[in-house]
Amino acid sequence: MPDEAPSGEVTRPRAQTLLAPRLLAWYDRHARRLPWRAPPGTAAQDPYLVWLSEIMLQQTRVEAVQPYFLRFKERWPTVEALAAADIDHVLTEWAGLGYYARARSLYACANEVAERHGGKFPRTQDALLELPGIGPYTSAAIAAIAFDVPATVVDGNVERVVARIFAVETPLPRSKPELRDKAATLTPQKRAGDFAQAMMDLGATICTPTKPKCSLCPWNDACVAKARGIQDELPRRDAKKANPTRRGIAYWLVDPDGAVLLRKRAEKGLLGSMIEVPSSDWIVGATPDVPDGAPAAAEWQRLPGIVRHQFTHFDLELTVLAATVKARNTDGLWTLPDNFGDVALPTVMRKVVAHAMKHTAYTPNDAAQMFEVAEKPKRRKKI
DNA sequence: AAGGCGTGGGT
DNA sequence: TACCCAAGCCT
């Protein structure tokens, strides 16, 4: 473990002091150009954009984030603009990106920054940590990248790189404290933001989970796992249990105008505050065979096939029942499919929409084509 | 403090 | 097909 020198700097073995400069040199030549990133050596990025990107990047790949980031930046260029937005518009813009509590926290955080911090993000890790949706990773990332604070940024990439460099064999998540401490011994006092992004780029492009490209790695001669030939086995992880399957019914109700009944889900929890095709509870076990919990009494027709979706902690199988009504006798958001793009439909509900429109007599139009995309997910089975 | 919380791409 | 797991946070 590193000792604290009187200056407050972390002391470290001499060899380790050489690692950061080598990685930064690699980063200067190989940094990916990303829309939220200032090129190495240029002026710091707008803290608002750093924050926005870091929230979106939580548990989410760069490629998935890019279009969302660009749309948010265009629509809400400042934290004040975002704070003044309608939360439902924010959720609609976030739809498809997942982990929707992030969008709610994003909005809450924008309002705190606008109202309590004068529109300026705090510059210290401790102060950032107080804001909604900002935890240990994100506070360090914003401090380092936006404000050049020498904070140690630890995400999944950094954990993997550090586990390999030091050949940490303790499985995750038990090894997290050790990995964090070892990462701290690598963090330089200068260019900590570039260093953090370099570590993450290294993990994303070179020190990958499988088949790491060690021959291209600026640290390959210092990597203990590589020296031992166990780089593919690290980091180890404790086994995780299998996911259960939950089943339920989604109710596709259409009025004479072709409007479809949608509903807003509970504020928090799974898909919190998002819009859904009304559905039963999703229960482990058999699909209920009675349309219990249907939004209206109607002649429900079971559509062929099933909608499958995987969440982080369970698999879902939805049966879709369809019916028409002569009048809008049920409260909800009666919405024409042409306008589905204006509501916060998460991906699982886009799948339901696609399935229903494919198996009912809905006239194909732009909306139908838009949702066809969501239907095609798996590769086609060979005949 | 262990589990809830999305989605998509890769192997 | 059936996993894995990603720029994590919250309770």
Side-chain angles (χ1 to χ4, degrees), chain A residues 32 34 36-37 50-69 91 94-106 108-109 128-142 144-145 151-161 172-174 176-177 180 183 193 195-205 207-211 232 235-246 265-266 268-274 282 308-316 344-351 373-374 376-379 381-382:
Chain A
R32 290 182 289 176
L34 301 171
W36 49 83
R37 177 181 281 182
V50 173
W51 163 74
L52 178 60
S53 66
E54 290 301 341
I55 300 299
M56 289 182 168
L57 285 162
Q58 289 168 4
Q59 293 287 284
T60 310
R61 295 176 174 283
V62 162
E63 309 82 65
V65 165
Q66 300 220 50
Y68 287 84
F69 175 83
L91 291 169
W94 196 277
L97 196 56
Y99 283 137
Y100 298 102
R102 292 185 296 172
R104 304 194 300 273
S105 294
L106 184 86
C109 183
L128 288 162
L129 215 35
E130 297 295 313
L131 293 166
I134 297 183
Y137 162 77
T138 307
S139 59
I142 296 172
I145 296 169
T152 297
V153 178
V154 183
D155 75 328
N157 289 303
V158 174
E159 287 177 343
R160 184 170 57 256
V161 170
L172 283 167
R174 278 181 285 158
K176 277 178 179 286
R180 204 224 85 86
F195 179 79
Q197 295 179 91
M199 286 284 273
M200 295 188 281
D201 269 16
L202 188 70
T205 64
C207 196
T208 46
T210 61
K211 298 182 178 171
D232 287 282
R236 303 189 197 284
R237 287 179 193 277
D238 291 324
K240 86 167 181 49
K241 60 176 186 186
N243 281 343
T245 297
R246 296 188 196 176
R265 293 175 58 87
K268 297 181 180 180
L270 184 68
L271 308 176
S273 301
M274 300 296 283
W282 303 343
R308 296 177 194 280
H309 189 74
Q310 291 192 331
F311 290 94
T312 304
H313 52 299
F314 66 93
D315 294 344
L316 180 65
L345 280 173
T347 296
V348 60
M349 290 300 153
R350 292 181 34 140
K351 290 184 183 177
V373 180
K376 83 163 198 325
K378 313 294 180 231
R379 63 191 67 114
K381 187 163 270 180
K382 281 183 188 148

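This structure is a prediction, so every number in the text was calculated from the model and none was measured. Values below: every heavy atom of this structure, side chains too, minus hydrogens, waters and symmetry copies. Residue numbers begin at 1 in each chain, while the letters A, B, ... track the order of the sequences.
One can place NZ of K176(A) at 15 Å from P of dA1(B), the figure rounded to the nearest angstrom. Going from atom NZ of K351(A) over to atom P of dG6(B) covers 14 Å, rounded to whole Å. For E63(A) and dG6(B), the CD to C1' distance is 16 Å, given to the nearest whole Å. Residue R350(A) contributes atom CZ, which lies 16 Å from atom P of dG6(B) at whole-angstrom precision. The separation between L316(A) atom CG and dG4(B) atom C1' is 15 Å, rounded to whole Å. Following rounding to the nearest Å, W94(A) (CH2) and dG6(B) (C1') show an atom-to-atom distance of 11 Å. Between the P atom of dT7(B) and the CG atom of L270(A) lies a distance of 8 Å, rounded to the nearest Å. Separating the CZ atom of R246(A) from the C1' atom of dG6(B) is a distance of 13 Å, rounded to the nearest angstrom.
OP1 or OP2 of dG6(B) has not a single side-chain nitrogen or oxygen of H309(A) nearer than 4.0 Å. Within the 4.0 Å cut-off from OP1 or OP2 of dC5(B), at least one side-chain nitrogen or oxygen of H313(A) is found.
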> How would nucleotides 3-11 of chain C be written as a contact map, 5' to 3', with B for base contact, S for sugar-phosphate-only contact and - for no contact, using protein heavy atoms under 4.0 Å?
Replying inline: -SSBBBSS-
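By the ring-ring contact (aromatic ring centres under 6.0 Å, His included) test, Y99(A) pairs with no residue at all, sequence neighbours left out. In this structure, E130(A) has no side chain to side chain contact (heavy atoms under 4.5 Å, CB included) partners at least two apart in sequence or on a different chain. When the salt bridge (charged side-chain N to carboxylate O under 4.0 Å, His left out) test is applied to R265(A), the partners found at least two apart in sequence or on another chain are E276(A). Residues passing the salt bridge (charged side-chain N to carboxylate O under 4.0 Å, His left out) test with R61(A), sequence neighbours excluded: none. Residues satisfying the salt bridge (charged side-chain N to carboxylate O under 4.0 Å, His left out) criterion with R32(A), sequence neighbours excluded, are D201(A).
Separating the P atom of dA7(C) from that of dA2(B) is a span of 24 Å, rounded to the nearest Å. Only the P atoms considered, dC4(C) is 16 Å distant from dG3(B), to the nearest whole Å. Remark: the separation of the P atoms in dG6(B) and dT11(C) is 14 Å, to the nearest Å.
Residues P136(A) and L129(A) approach most closely at N-CD1, 3.6 Å, considering heavy atoms.
Listed for the R102(A) side chain is a donor-acceptor partner under 3.5 Å among the backbone atoms of M56(A).
Checking dG6(B), dG4(B), dT11(B) against every side-chain atom of L271(A), the shortest atom distance belongs to dG6(B).
Residue contacts shown for P346(A) are limited to sugar-phosphate atoms, with no base heavy atom under 4.0 Å away.
Comparing F311(A) and K211(A) by the nucleotide of DNA chain B that holds the closest heavy atom to each, the one mapping nearer the 5' end is F311(A).
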